[in-house]
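Here's a structure for you.
Chain A is the first sequence line, chain B the second, and so forth, proteins listed ahead of strands; every chain is numbered from 1. What you see below is based on every heavy atom in this structure, not just the backbone, and it leaves out hydrogens, waters and symmetry mates.
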Amino acid sequence: MLTIQALREEKDRVLQALSKRHIDASADIERVLEWDAQRRNTQSMLDDLLAQSNTLSREIGGLIRDGKKEEAEAIKSQTADLKEQSASLKTQMHELEASIQALLCTIPNAPHLDVIAGKTPEDNVETFRAGEMPKLHAGAVPHWELAERYKLIDFELGSKVTGAGFPFYRGKGAKLQRALIQLFLDRADAAGYEEYIPPLLINAESGFGTGQLPDKEGQMYHAVADDLFLIPTGEVPLTNIYRDTLLKEAELPIKLCGYTPCFRREAGSYGKDVRGLNRLHQFDKVEIVQINHPEQSYATLEAMVDHVKGLLEALELPYRILRLCGGDMGFTSAMTFDFEVFSAAQERWLEVSSVSNFETYQANRLKCRFKGNDGKTQLVHTLNGSALALPRIVASLLENHQDESGIRIPTALQAYCGFDRID
RNA sequence: GGAGAGGUGGCCGAGUGGCUUAAGGCGCACGCUUGGAAAGCGUGUUUACUCGAGAGGGUAACCCGGGUUCGAAUCCCGGUCUCUCCA
């Protein structure tokens, strides 16, 4: 959530930035500022009243100690009015605070200056492209056919046991999953990310911290009896490790990674996009997270992008990087780079990673701050990226590395798999 | 699932209604002392909101939320977490 301080001090910049998302937040922001002024006014009135009643209470205490009961009783009678007034101001304060927060939560993050103002994915800017486009043999087929032919993934069995979008991986297909996870974790480890195995269910506070709640609960599976949510991404538990914390500047940057399954209801998705591994309700992902000094966060974003590049190059996959336009960016992000690999048999680009800088948007919700070397406390910047999400990587590995008699495993992955071909 | 004990500052720990934002200790920072260090001595050492140009002031916070009271770390109720024992 945007900070009130930013709205107060640089409202025009924020409005301009938000216009890149094609939303006009000016009315909401005016309202927040107005409520905030009321809140401050209410608070100073309340503080005055409380100060008065504290003084009276101390007097009463003194009088009682001195045995002057009657004088004490006289002062007591003065406090009733103060009490009533302060109770009503307290209620007003709580209401104002709740209103401000509720409205602030509906305003998305302000995009960075370099983000362009497009509306749809077509407006995203391609910033980088690498890898060779594969030339497939005449009988090349999409991954879902390869998965069936070589008994790697069983979609129908998943539908029987759970439902559509919950495949079984089997045999070399299962081993390939483990190999990819291990490769990704080893790379993250080598890059200095500390590995965590987080819980897969999170509470509502954590959902709020990273921005899934309120309003996006429809995208998460909800364990109602215990009011817990299945994580849609490892970002949620990993980033929430640092909820309600005050760090020292010397502790930055914090670099975390973790492998988790991810669960997404994907309400509203349908059509050909969902074929095979293209869109699943449960999938595996290695996530990298960084918490850093505001002055460092864009250098960090670049480093995270480079890290993901390295993974795709190791897998010998052709890919491109897009800087998302304002209209296509996630609610909480200030700048996002998407990675897409070319899936040759489908002849489509598939999103396999999204790397974002949230600046202080999550940190403000998380209450994650650091005390600088100058003694001042400020919000950190949070960033995260998929490194990587498995299903579409598997889809493109299968499709791009297929030949007449099977599928070649890229060199970097062979030691992890324990085999160099699927056939 | 049942029974009991407990949750106080960076840490340990005192505190059962007012003189307690919180004794004492440890740690940490700065200063004095010293040839240098240790010890010793002194000073300082939470956060949020808010008022103020600043110095500084006000309010709130002793797991969380309610309540009793003129006044709550302290009493009451609910929740939560930790520990011990039982199943």
>> So, OP1 or OP2 of rC70(B): does either fall under 4.0 Å of a side-chain N or O from N54(A)?
In response: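 So the side-chain polar atoms of N54(A) never come under 4.0 Å of the phosphate oxygens OP1 or OP2 of rC70(B).
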> Over how many whole Å does the gap from D48(A) atom CG to rA60(B) atom P extend?
Replying inline: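 Taking CG of D48(A) and P of rA60(B), I get 12 Å after rounding.
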>> Centre-to-centre under 6.0 Å for F370(A) and H293(A), is that the case here?
In response: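 Distance test on ring centres: under 6.0 Å, yes.
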> Between rG7(B) and rA14(B), how far is it from one C1' atom to the other, in whole Å?
Replying inline: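 Taking atom C1' in both rG7(B) and rA14(B), they lie 16 Å apart.
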> If the P atom of rC77(B) is compared with that of rC86(B), how far apart are they to the nearest Å?
Replying inline: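 My reading of the P atoms in rC77(B) and rC86(B) gives 28 Å.
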>> In whole Å, measure the gap between the P atoms of rG27(B) and rG18(B) for me.
In response: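 The answer is 32 Å between these two P atoms.
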>> So, does K90(A) get its side chain near the phosphate of rU59(B), meaning an N or O under 4.0 Å from OP1 or OP2?
In response: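 No, because none of the side-chain N or O atoms of K90(A) sits under 4.0 Å from OP1 or OP2 of rU59(B).
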> Roughly, in whole Å, what's the span from CD in E84(A) to C1' in rC70(B)?
Replying inline: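 So the CD-C1' distance, E84(A) to rC70(B), works out to 15 Å.
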>> Quick check on side chain to side chain donor-acceptor pair (under 3.5 Å): which of K255(A), E287(A), Q290(A), H307(A) does Y193(A) satisfy it with?
In response: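 The single option meeting the side chain to side chain donor-acceptor pair (under 3.5 Å) with Y193(A) is Q290(A).
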>> Could you tell me how far rC63(B) sits from rC70(B) if I compare only their C1' atoms? Round to whole Å.
In response: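 Between the two C1' atoms, the distance is 28 Å.
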Filtered N/O pairs between nucleotides 48-53 of chain B and protein, under 3.5 Å:
{"unit_1": "rA48(B)", "atom_1": "OP1", "unit_2": "R369(A)", "atom_2": "NH1", "d": "3.3"}
{"unit_1": "rC49(B)", "atom_1": "O3'", "unit_2": "R39(A)", "atom_2": "NH2", "d": "2.7"}
{"unit_1": "rC49(B)", "atom_1": "O2'", "unit_2": "R39(A)", "atom_2": "NH2", "d": "3.3"}
{"unit_1": "rC49(B)", "atom_1": "O2'", "unit_2": "Q43(A)", "atom_2": "OE1", "d": "2.2"}
{"unit_1": "rC49(B)", "atom_1": "O2'", "unit_2": "Q43(A)", "atom_2": "NE2", "d": "3.2"}
{"unit_1": "rC49(B)", "atom_1": "O2", "unit_2": "Q43(A)", "atom_2": "NE2", "d": "3.1"}
{"unit_1": "rU50(B)", "atom_1": "OP1", "unit_2": "R8(A)", "atom_2": "NH2", "d": "3.3"}
{"unit_1": "rU50(B)", "atom_1": "OP1", "unit_2": "R39(A)", "atom_2": "NH2", "d": "3.0"}

> Applying a 3.5 Å limit to both distances, which nucleotide forms a Watson-Crick or G-U wobble pair with rU82(B)?
Replying inline: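 Its partner is rA5(B).
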> When you compare rC76(B) with rG42(B), how far apart are their C1' atoms, in angstrom units rounded to a whole number?
Replying inline: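 Looking at atom C1' only, rC76(B) and rG42(B) are 46 Å apart.
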>> Tell me if the CD1 atom of I23(A) is crowded by more than 12 foreign heavy atoms within 6.0 Å.
In response: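 Result for CD1/I23(A): enclosed.
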>> When both hydrogen-bonding distances must be under 3.5 Å and the geometry is Watson-Crick or G-U wobble, what is rG10(B) paired with, if anything?
In response: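 Across any shown strand, rG10(B) pairs with rC26(B).
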> Across all strands, who's sitting opposite rA60(B) as a Watson-Crick or G-U wobble pair, both distances under 3.5 Å?
Replying inline: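 Partner of rA60(B): rU47(B).
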When you compare the protein's N or O atoms with those of nucleotides 16-18 of chain B, which come within less than 3.5 Å of each other, and at what distance?
{"unit_1": "rG18(B)", "atom_1": "O2'", "unit_2": "R65(A)", "atom_2": "NH2", "d": "3.1"}
{"unit_1": "rG18(B)", "atom_1": "N2", "unit_2": "S57(A)", "atom_2": "O", "d": "2.8"}

> So with a 6.0 Å cut-off around CD of E10(A), is the heavy-atom count from everything else above 12?
Replying inline: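 Yes - once you tally the heavy atoms of other residues, nucleotides and ligands closer than 6.0 Å, there are more than 12.
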> Over how many whole Å does the gap from D244(A) atom CG to rG10(B) atom P extend?
Replying inline: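 D244(A) atom CG is separated from rG10(B) atom P by 14 Å.
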> Expressed in angstrom and rounded to an integer, what is the separation of K83(A) atom NZ from rA72(B) atom C1'?
Replying inline: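 Whole-Å distance recorded here is 12 Å.
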>> From CG of L247(A) over to P of rU46(B), roughly how many Å is that when rounded to an integer?
In response: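 Rounded to whole Å, this separation is 18 Å.
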> So do the side chains of N384(A) and L238(A) get within less than 4.5 Å of each other, counting heavy atoms only?
Replying inline: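 When only atoms from C-beta onward are counted, L238(A) and N384(A) do not touch, as no gap falls below 4.5 Å.
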>> Under 3.5 Å for both donor-acceptor distances, Watson-Crick or wobble: does rU34(B) have a partner, and if so which one?
In response: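 Here rU34(B) is not engaged in any pair, so there is no nucleotide opposite it.
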>> For the C1' atoms, the ones on rG10(B) and on rG65(B), what distance do you get once it is rounded to whole angstrom?
In response: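 Taking atom C1' in both rG10(B) and rG65(B), they lie 27 Å apart.
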> Quick one: E205(A) CD to rG65(B) C1', roughly how many Å, whole number?
Replying inline: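 Atom-to-atom, E205(A) to rG65(B), this comes out as 13 Å.
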> Does rC70(B) have a Watson-Crick or wobble partner in any strand here, with both distances under 3.5 angstrom, and which is it?
Replying inline: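 Pairing partner: rG18(B).
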>> Strictly by Watson-Crick or wobble contacts shorter than 3.5 Å, is anything paired with rA53(B), and which nucleotide is it?
In response: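 WC or wobble partner does not exist here.
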>> Are there over 12 heavy-atom neighbours, none belonging to K216(A), within less than 6.0 Å of that residue's NZ?
In response: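 Yes - once you tally the heavy atoms of other residues, nucleotides and ligands closer than 6.0 Å, there are more than 12.
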> Counting heavy atoms not belonging to E148(A), are there more than 12 under 6.0 Å from its CD?
Replying inline: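 It does not: E148(A) CD has 12 such atoms or fewer within range.
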>> What's the gap between rA72(B) and rG56(B) when it is taken at their C1' atoms, as a whole Å value?
In response: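 These two C1' atoms come out 29 Å apart once rounded.
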>> Run the ring-ring contact (aromatic ring centres under 6.0 Å, His included) test against F229(A) and tell me which residues pass, sequence neighbours left out.
In response: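 By the ring-ring contact (aromatic ring centres under 6.0 Å, His included) rule, F229(A) matches H222(A).
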>> Can you confirm whether more than 12 heavy atoms, excluding those of E195(A), are under 6.0 Å from its CD atom?
In response: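 Correct, the count exceeds 12.
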>> Under 4.0 Å from OP1 or OP2 of rU47(B): is there any side-chain N or O of K371(A) that close?
In response: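 Looking at the OP1 and OP2 atoms of rU47(B), one of them is under 4.0 Å from a side-chain N or O of K371(A).
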> For the residue pair N400(A) and P318(A), what are the closest heavy atoms and their distance?
Replying inline: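 Looking at all heavy atoms of both residues, the closest pair is ND2-CD, 3.4 Å.
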>> Taking only the P atom of each, what is the distance from rU43(B) to rC81(B) in whole angstrom?
In response: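 About 44 Å, rounded to a whole number of Å.
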> Whole-Å distance between rU59(B) C1' and L50(A) CG?
Replying inline: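 Distance check: L50(A) CG to rU59(B) C1' gives 7 Å.
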> H94(A) has an atom NE2; how far is it from atom P of rG65(B), in whole Å?
Replying inline: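 Atom-to-atom, H94(A) to rG65(B), this comes out as 9 Å.
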>> Surrounding CD of Q5(A) (heavy atoms of other residues, nucleotides or ligands, distance under 6.0 Å), is the total greater than 12?
In response: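 No.
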